[in-house]
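Proteins come first, then strands; the chains are lettered A, B, ... in the order of their sequence lines, and each starts at number 1.
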2 protein chains.
Amino acid sequence: MATGRTHRPATRSRGIPEATVARLPLYLRALTALSERSVPTVSSEELAAAAGVNSAKLRKDFSYLGSYGTRGVGYDVEYLVYQISRELGLTQDWPVVIVGIGNLGAALANYGGFASRGFRVAALIDADPAMAGKPVAGIPVQHTDELEQIIGDNGVSIGVIATPAGAAQQVCDRLVAAGVTSILNFAPTVLTVPDGVDVRKVDLSIELQILAFHEQRKAGEETGQAGPEAMEGPEDTAPASPARPTATATDRKGPDGDVPAVMPA
Amino acid sequence: MATGRTHRPATRSRGIPEATVARLPLYLRALTALSERSVPTVSSEELAAAAGVNSAKLRKDFSYLGSYGTRGVGYDVEYLVYQISRELGLTQDWPVVIVGIGNLGAALANYGGFASRGFRVAALIDADPAMAGKPVAGIPVQHTDELEQIIGDNGVSIGVIATPAGAAQQVCDRLVAAGVTSILNFAPTVLTVPDGVDVRKVDLSIELQILAFHEQRKAGEETGQAGPEAMEGPEDTAPASPARPTATATDRKGPDGDVPAVMPA
DNA sequence: ATGTCTTTGTGAACGCGTGCACAAAGATGG
DNA sequence: CCATCTTTGTGCACGCGTTCACAAAGACAT
């Protein structure tokens, strides 16, 4: 899960559970597909299958929004599409800026899912002066200097950061100072933001590493081994590789000079 | 959170909690930065701050890996980098294929985070014959016909899907049939896979919708309203908009012709 | 060698999310 | 108008994840 939004503790007074909110877009997508096929109603079972979730979970999720189903029949597709859209705030238009128009930023700008779901790319912003004026996805790129102006003029409250990691925090700070209160971060960094600002992160590298973990686990199970940690035996005897640090911590160089070829950068 | 991997129930016998696994890459990144600055040791407090998590959580996470810290001192940075890398399976090389070399696929291919973390782009695959042979990020694109061959020859077990939604399931099926057991899906679709195959999804549109929800909530709180659902009063009286479906479900058209301008597609 | 001080590792409590299983609601047919 | 059948809405229990708070462990100074 590009997981990790800045944790708002008790503010979610009587609202919808976070886990439910995260699934609403999934339901909406499935419902939209049904709507296009002019399917009038759908049962929780069918919809759950289409969204890839448990039907009881789906019904409970919908129960937080209110009682929108009809017993013995199911849910009215159009009505549900509207209710979920409204709940998610998609009945209004959200201007969005994308900062950092490299490979990824350009891909995001070209992504169709933006405009089709209540989001509008208000501006593309890049620090490279050579990019300025160049159209990407039909929108001319603007220079970072104009960031505050753009945010203010367009009433932008959602910003997408697609810059290198080094620039992300600085860009973030400027976005927040200019009035942005929701940030989608594609840069591989932890962003620090003031209270009241939401951050969600999407991190390819993290996702791959999680997959690698499970992949290794699977490979281990095949051969009878259970992975690197469960090497049999009550005490985990550290492998021969980098020795456990035994010297007093004043040894500044660390236990072993040649750590394996991990993390070249 | 690009959440949602296919749920492996009890297989995780005595392993590391999923939530912990998801944070390990975060710790690893912070530790790598410290390592580059030649910091020898770090306390749970410092590292937790760098990774943006609670220090108690971090200590508990590390406790699942074993006791790698020294009381009164902290953790040895190099040693911890090695342990986490090993746990995540990054001490070995993971060949990866990217299928669908559009804007996004190209951006992913160019992403530096791949090679630097134990992952190697083994091949780029696209269905468009015009793309074949064209180099992207220094790697020639190959045609979908060769997918099975490539997977087999390179022993690829991780696949990245960056195709349009319509093609994703089909590509997924072919990847799985060819031996891939971990999939990172960027296409906005729910993928169905057999047991034993892990899927993680990254979905820009969903992340934005979640942000929009909170954004709307914030805007509502400012004006004293608490959002669309909590409209005051015990019973949620449906708003004037699309009327609640009252007609019998045989009314195929739905309750109201003009659903607001949501979901053009 | 002994005391003090720092920091880890973890027991325990709590809250959230999930899934089961069933009663209530309503449609449908006779 | 009543019986039957389908499907929703939810009470309940369970398990995972988070957080607090503290005892144990070890470094460091004297």
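Remark: B:Asp203 engages A:Arg29 in a salt bridge, criterion side-chain N to carboxylate O under 4.0 Å.
In this model, a donor atom of one side chain and an acceptor atom of the other lie less than 3.5 Å apart for B:Thr20 and B:Asp61. A donor atom on one side chain and an acceptor atom on the other are not found under 3.5 Å apart for A:Thr32 and A:Glu36.
Shortest non-hydrogen contact noted between A:Leu191 and A:Gln169 is CA-OE1, 3.5 Å.
Distance, A:Asp61 CG to C:dT18 C1': 10 Å, rounded to whole Å. Rounded to whole Å, the distance from CG on B:Asp76 to P on D:dA27 is 13 Å. Remark: C1' of D:dT8 and CD of A:Glu45 are 11 Å apart, rounded to the nearest angstrom. Protein atom OH of A:Tyr64 is 10 Å distant from nucleotide atom P of C:dC16, rounded to whole Å. Here D:dG26 presents its P atom at 16 Å from OH of B:Tyr68, a figure rounded to the nearest Å. Rounded to an integer number of Å, the gap from A:Glu18 CD to C:dC16 P is 12 Å.
For B:Arg71 and C:dT7, a side-chain-to-base donor-acceptor distance below 3.5 Å is absent, hydrogens and geometry of angles not being considered.
A:Tyr68 pairs in a ring pair (Phe, Tyr, Trp, His ring centres under 6.0 Å) with only one of the listed residues (A:Tyr75, A:Tyr79, A:Phe62), which is A:Tyr79.
Two residues, A:Ala19 and B:Gly74, neighbour DNA chain C, and the one matched to the more 5' nucleotide by heavy-atom proximity is B:Gly74. Mapping A:Gly72 and A:Thr20 onto DNA chain C via the closest heavy atom, the residue that lands nearer the 5' end is A:Thr20.
For A:Thr70, no side-chain nitrogen or oxygen approaches OP1 or OP2 of C:dG26 to under 4.0 Å.
Taking OG of A:Ser67 as the start and CZ of A:Arg59 as the end, the distance is 12.5 Å to the nearest 0.5 Å. For the atom pair CG of B:Leu88 and CG of A:Leu208, the computed distance is 11.5 Å after rounding to the nearest 0.5 Å.
Contacts between residues 48-60 of chain A and DNA chain D, counted as heavy-atom distances below 4.0 Å, involve A:Arg59, A:Lys60.
Residue contacts for B:Phe62: at a heavy-atom cut-off of 4.0 Å it reaches no nucleic acid atom on any strand shown.
Here C:dT8 is the nucleotide among C:dT8, C:dG26, D:dT10 with the atom lying nearest to any side-chain atom of B:Tyr75.
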